[in-house]
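Below: one structure, written as structure tokens.
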Amino acid sequence: MNRLPAFAASLCLALPAFLAPLARTQDEARPTAPPFSLLGARFEGLFVDGPTESGAIWARGTTYKLGFEKGRATYVPLFGSRAPRGYPLELELRSLRCGEQSLSLAPPSAPQVEGARISIERSPLVETWDLEPERAEQSFVLDAPLGTGALELRLALRTDLLLREQRDGELVFEQPGLGVVRYGEAVAIDARGARAPLALALEGGEIALHVPAEFLARASYPLVIDPVLRTFAVDTSANDTTDPDVCYDATSDTWLVVCREVVAQGDGDIKCLRVAGNGSSVLDVVYAEASTSDALHPATANHRRTQTFLVGWITQPASAPSQLFVRERTATSTVQGASRFLHGASVGTRLESLDIGGSRLATANFAVVFREASILPTSNAGFFALAQSMIVPRGGAAASLRLLSSELHCTGAPRISEDSGTNDLWLATWAATSAPPCSGQSIRFAILRSNGALEQAETTVSGTTAGRDTRPVAASEGTRFFVCWQRDDAIPRTQSDIAGTVVGLQFGIWARISPVFSLTQIEPGTTLAADQTAPSIAFDGCRYLYAYSESSSGGAPRPHGATFALIGVTLSFLEGHRVLTNAAAGVAHSSVRVATLGSTGAAPGLGMAVWQQIGNGGRDLGAAHFDIRATSGGVSSVATQCPSRTLGTDIACIGTPALGRTIRLELSSVAGTPLLMVGLPMTPVPLCTTFAATCSLGVAQPAAVVLPAAGLSLVIPCEPQLVGATAAAQGLDLGAGLGCPTAVFGLAFRTTDTLHITVQ
């Protein structure tokens, strides 16, 4: 049973040795739309955030949000994204009276959070809020009697809502056409459960709650005074969600999608959806920012070593300069760190166009880039915009600002590569021109190191003399970058395509090392007459995934994607013009962002795209999770097994045979000594005929791999020339009966079917 046949004498275990000579086949089949999921569904539930840097706490329910700061509660009814602004009710306990005696109140403590309960000490009582998705229950708890006579609590009220109705036990506030807020159901409850309904009144801008003296005289303590706030909105549809971004954490196998949720005009929250690695479900929803400030330009990135996401945004207060904030969150749960202020705009400027780069290395740093633009024209009648960057250590303060662009006029929105790669370098890129309007004409870049150093200052990648280059993005494959951008062919614009080039080290200088490619022209299946705009790109460890919006003949823009690899500095498309949505034709799509598993050092081959879509009555998010691989290929079986499937030995291939992935060959039902063969496929050659079947050989000899084992793991190299190549794998069961007799090779054996493994 230990003897091996003569054809198994030489062993060769290197997979590239047998894959390299295989002929590549060209896949011309057009792809089908990948699974589509809707991420813009209405938030239903309760989220209570931790304290901000100022100590404020915000909570989000289904119909309201509620903030606490310095003893003041701010209740914001959610009247829908089309509400012209927010209509908060600010409530603050001002006075306490028992009988004829006015009682002093201690200064409010910082709000304390315990689950869905927020408590504020105001000795001699405690103000608590018990939160549910559809209501907020305010309570005042007294541990002991305060004197004799009736008890009166007065709360200062500030709101622009109109008082529609006032009756015993309830106040009804209204914004016509949008909805109402009810403050009522007030009741006093003593320790034995005795209850007394309470009268409510609005007097001189204050809400007065009255507890009758008769009830207090026989009450047992502690005593709870308990009104409730509810919102009833006319528009109960999902809020608009816009401006998505996405990244992936390899250790926890989760995606994070961030977006701006418009709860009213001028009031946007930053919503974070953690999605399962296979794209099958949303694991949880939290809010990185849920105050009444208008939060804009959300962005996110991942640090793999610490399983941390960084979420960033820019707030635009009503009467103050814009501010840049970030906060960390763990990739394995809903736990978030406190929000951290990074930078405020100078007088006369505003912050825009935030982007974040992550890292897979031990250095726990992120890179942040943004644009600071003038609000008013400068003295030369133009506007200026500066691209700036900051390094943000995990858990620490940000480094100082570093100016990326020296232009005094027009700098487009800066973007940064999704990950710093194995060289710990990011490429920041932006469009710039020396004259208004600030729409971009040439593509610039700078190289940043994780320690904050500027590896290389502003450098021009490419420019066009007839039209304009704008909206650049970049992805890193470790030792070089691919930069792509939108190229408009003329002013006024008549056609928009996607262009790109390779940036690498040349004689110690980072520069363009390839021609400028028109991706639109060479992408298979593309419609040349269509406009392709606003690209996004990521590297998955083997190949690049990029996506863009495409529109033609006045139709609504739709998201498309394509994959290509670099052979040297030559592009090799693996798949092109893949429609990423099955939404109705009238729905317009924009702001496509992509990320991949491999961009953070995980196994290559999977990606996710997210985008904003407008239609069906509002704005929401779409997403596609899909294989980044050829649409043909995979594993098929050729009948060479004997004696039969019931009595024979089986072979299986576990995993997808795509670039950069690992597959495993396994034999099962082995009765003797297993032998695995891998090599070139051939027309099956009969070896013998049994009572049940013909035993055949399906691997050309000599085989590239011959291994006396029942299992073999093989890593498919990241070589784009291998796509479409086919290898054959077959197993022998040496010494097993019911197959070929000893007369064939001197040893009885069975054969398995032959697997044809085509690289995708």
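Below, all heavy atoms of this structure are taken into account, side chains as well, without hydrogens, waters or symmetry copies.
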Within the side chain of [X], is there an N or O that forms a donor-acceptor pair under 3.5 Å with the backbone of [Y]?
{"X": "D540", "Y": "P604", "result": "no"}
{"X": "H756", "Y": "T754", "result": "no"}
{"X": "E523", "Y": "H577", "result": "yes"}

Q) So do the side chains of W426 and V369 get within less than 4.5 Å of each other, counting heavy atoms only? A) no
Please report the closest heavy-atom contact between [X] and [Y], naming both atoms and the distance.
{"X": "N423", "Y": "R449", "result": "O-NH1, 3.7 Å"}
{"X": "A301", "Y": "G357", "result": "CB-C, 3.6 Å"}
{"X": "I757", "Y": "A729", "result": "CD1-CB, 4.2 Å"}
{"X": "R512", "Y": "Q506", "result": "O-OE1, 4.3 Å"}
{"X": "G504", "Y": "R480", "result": "CA-CB, 4.2 Å"}
{"X": "S333", "Y": "D284", "result": "C-OD2, 4.4 Å"}

Q | Ion pair R487/D497, N-O distance below 4.0 Å | A | no
(Q) Please determine whether side chain to side chain contact (heavy atoms under 4.5 Å, CB included) holds for the pair Y548 and C484, giving the CA-CA distance in whole Å, both sets of side-chain angles, and the decisive distance to 0.1 Å. (A) CA-CA 11 Å; Y548 50 86; C484 62; over 6 Å; no
Determine whether the side chains of [X] and [Y] contain a donor N or O and an acceptor N or O closer than 3.5 Å.
{"X": "T581", "Y": "Q613", "answer": "no"}
{"X": "T332", "Y": "T330", "answer": "yes"}
{"X": "S359", "Y": "S420", "answer": "yes"}
{"X": "S450", "Y": "N365", "answer": "yes"}
{"X": "Q641", "Y": "D650", "answer": "yes"}

Q | Aromatic centroids of F445 and W510 separated by under 6.0 Å | A | no
**Q.** Working for side chain to side chain contact (heavy atoms under 4.5 Å, CB included), residues L310 and H303
**A.** CA-CA 8 Å; L310 187 71; H303 187 270; over 6 Å; no
**Q.** Test side-chain hydrogen bond (donor to acceptor under 3.5 Å, both in side chains) applied to T526 and Q532, step by step
**A.** CA-CA 10 Å; T526 191; Q532 295 185 347; 2.8 Å; yes
Q: Only counting residues at least two apart or in another chain, list the ones meeting salt bridge (Lys or Arg N to Asp or Glu O under 4.0 Å) with E666.
A: R664
Q) After noting the C-alpha distance and the side-chain angles of R593 and V257, does the key distance pass the side chain to side chain contact (heavy atoms under 4.5 Å, CB included) rule? A) CA-CA 10 Å; R593 292 291 187 98; V257 178; over 6 Å; no
Q: On the 0 to 90° scale, with breaks at 30° and 60°, tag the F539-Y544 ring pair as parallel, tilted or perpendicular.
A: tilted
Q: Enumerate the residue pairs fulfilling disulfide (SG to SG under 2.5 Å) with a member in residues 708-760, sequence neighbours excluded, ordered by first and then second residue.
A: C542-C718, C688-C740
